[in-house]
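The chains referred to below are lettered A, B, ... by the order of the sequence lines, with proteins before strands, and numbering in each begins at 1.
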2 protein chains.
Amino acid sequence: MGVDVLDATFAALADPTRRAILARLAEGEATVTELAAPFAMTQPAVSKHLRVLERAGLISRGRDAQRRPCRLEVSPLKSAMDWLANYRGYWEESYQRLDDLLGELQAGGPGAVDREAP
Amino acid sequence: MGVDVLDATFAALADPTRRAILARLAEGEATVTELAAPFAMTQPAVSKHLRVLERAGLISRGRDAQRRPCRLEVSPLKSAMDWLANYRGYWEESYQRLDDLLGELQAGGPGAVDREAP
DNA sequence: CACATATAAAACCGTCTAGTTATTAAACCG
DNA sequence: CGGTTTAATAACTAGACGGTTTTATATGTG
């Protein structure tokens with residue numbers, strides 16, 4: 001189910017231009033020309049990057065006259081992070097304690113611990 | 001420094017075969033034929049995937065007679081997760097509190113908690 | 001209406017990717 | 001030694017990628 005999502009998400013993140021675009025959008029909506037400005041490439045090239053990000057669900061686009069403002073959509077980033085989180089324990093053990101804590105907080109406060117292992 | 005690392009890491013993770021290989025290696029070392037067994041593709045194809053993973057620093061390889069056992073190397077995964085962590089706050093606010101907690105724990109253990117007022 | 005702005009689309013190019021088959025290299029075994 | 005196992009290499013193909021230039025499509029403005 002979630003396989004294509006991870007494929008498209010990681011593939012989209014593999015390009016530094018696209019990561020920079022996402023970083024810019026983290027500060028708020030932006031138009032295509034605003035997004036293209038910092039890069040030494042043509043506008044169609046940036047539009048292609050945006051199409052890749054859009055197909056991966058990492059951005060969505062509105063309409064404002066001729067402009068197509070883009071905004072960040074983080075849910076694929078969360079999916080990617082969830083996948084990576086399976087390996088968290090291999091490099092940092094204190095994260096395991098934090099994971100437990102998160103479970104407690106989300107379950108309704110300390111005392112309500114109920115974890116499951118994958 | 002970290003740009004090419006992220007490029008190679010995310011590109012490597014964009015393929016479901018390679019993600020499955022990493023998942024398998026998370027349970028311990030494995031040889032090329034062991035890794036290739038679950039997949040409906042030829043051995044050279046798997047060897048190519050392993051070369052991609054190796055160039056990305058996600059696996060390392062030993063020597064055991066004819067065998068080349070592979071083992072997981074997680075530090076690029078940590079780099080990828082660190083990058084994604086910048087967006088954590090956009091989908092989950094309780095992570096921010098946990099991040100603060102992590103800082104406290106690493107700074108001096110659970111007795112050294114010294115939170116700042118919000 | 002004519003023109004400028006903002007963006008997408010088309011056609012093209014060189015490089016990379018994911019797979020194949022066939023071959024080679026190295027190490028073990030009888 | 002000859003044969004088998006393990007893995008890498010080579011050569012090839014089809015398609016995706018990242019970029020270009022050129023052209024088209026909306027939309028606002030004088």
Side-chain angles (χ1 to χ4, degrees), chain A residues 3-25 28-73 76, chain B residues 3-25 28-73 76:
Chain A
V3 171
D4 318 327
V5 176
L6 287 178
D7 286 12
T9 302
F10 282 130
L13 296 180
D15 187 279
T17 301
R18 288 193 290 260
R19 289 197 304 274
I21 288 174
L22 293 181
R24 165 65 184 79
L25 290 177
E29 283 195 4
T31 67
V32 175
T33 39
E34 285 168 353
L35 290 172
F39 301 108
M41 70 182 67
T42 59
Q43 167 261 313
V46 173
S47 280
K48 280 192 180 184
H49 282 303
L50 293 175
R51 208 166 63 87
V52 171
L53 291 169
E54 191 175 25
R55 274 193 301 133
L58 284 162
I59 67 172
S60 61
R61 325 174 79 156
R63 246 288 153 81
D64 170 27
Q66 320 110 25
R67 270 138 267 142
R68 307 292 311 275
C70 303
R71 71 171 161 293
L72 182 64
E73 298 287 341
Chain B
V3 171
D4 318 327
V5 176
L6 287 177
D7 286 12
T9 302
F10 282 130
L13 295 180
D15 187 280
T17 300
R18 288 192 291 262
R19 289 197 305 275
I21 288 173
L22 293 181
R24 165 64 184 79
L25 289 178
E29 285 195 4
T31 67
V32 176
T33 38
E34 286 168 352
L35 290 172
F39 301 109
M41 70 182 68
T42 60
Q43 167 261 314
V46 173
S47 280
K48 280 193 179 182
H49 282 301
L50 293 175
R51 208 166 64 88
V52 171
L53 290 169
E54 191 176 26
R55 275 193 301 134
L58 284 162
I59 67 172
S60 62
R61 325 174 79 155
R63 245 290 151 81
D64 171 26
Q66 320 110 25
R67 268 139 266 142
R68 307 293 311 276
C70 303
R71 72 170 162 294
L72 183 64
E73 298 286 341

| remark: In numerical order, the residues of residues 31-39 of chain B whose heavy atoms come under 4.0 Å of DNA chain D are B:T31, B:V32, B:T33

| A:A65 side chain, from C-beta outward: closest of D:dA7, D:dT27, C:dC28 | D:dT27

| query | Are any of B:R63's side-chain N or O atoms less than 4.0 Å away from OP1 or OP2 of D:dA8? | reply | no

| From CZ (B:F39) to CZ (B:R24), nearest 0.5 Å | 10.0 Å

| said: Could you measure the distance from the CD atom of B:Q43 to the NZ atom of B:K48? Nearest 0.5 Å is fine. | reply: 11.5 Å

| Could you give the distance from SG (B:C70) to CG (B:L35), rounded to the nearest 0.5 Å? | 5.5 Å

| request: Hey, which sits more toward the 5' end of DNA chain D by its nearest nucleotide, A:R67 or B:R68? | output: B:R68

| message | I want to check something: taking the side chain as every heavy atom from C-beta on, are A:M41 and A:V46 in contact at a cut-off of under 4.5 Å? | response | yes

| request: Could you tell me whether the phosphate oxygens of D:dA8, OP1 or OP2, come under 4.0 Å of any side-chain nitrogen or oxygen in B:S47? | output: yes

| task | Tell me which nucleotide among D:dA7, C:dA27, C:dT5 gets nearest to the side chain of B:Q66. | result | C:dA27

| field | Rounded distance (nearest 0.5 Å) linking atom CD1 of B:I59 with atom CZ of B:R71 | value | 10.0 Å

| task | For a side-chain contact (heavy atoms from CB on, under 4.5 Å) with B:L53, tell me which candidate from B:L25, B:L72, B:L58, B:L13 qualifies. | result | B:L58

| query | CG of A:D64 versus P of C:dA6: gap in Å, rounded? | reply | 11 Å

| remark: Rounded to whole Å, the CD1-C1' distance (A:I59 to C:dT7) equals 13 Å

| field | Side-chain heavy-atom pair B:R19, A:D7 within 4.5 angstrom cut-off | value | yes

| When you check every protein heavy atom under 4.0 Å of nucleotides 15-23 of chain C, what one-letter string (B, S, -) results, 5' to 3'? | ---SBBBB-

| note | The salt bridge (Lys or Arg N to Asp or Glu O under 4.0 Å) partners of B:R61 (sequence neighbours excluded) come to B:E54

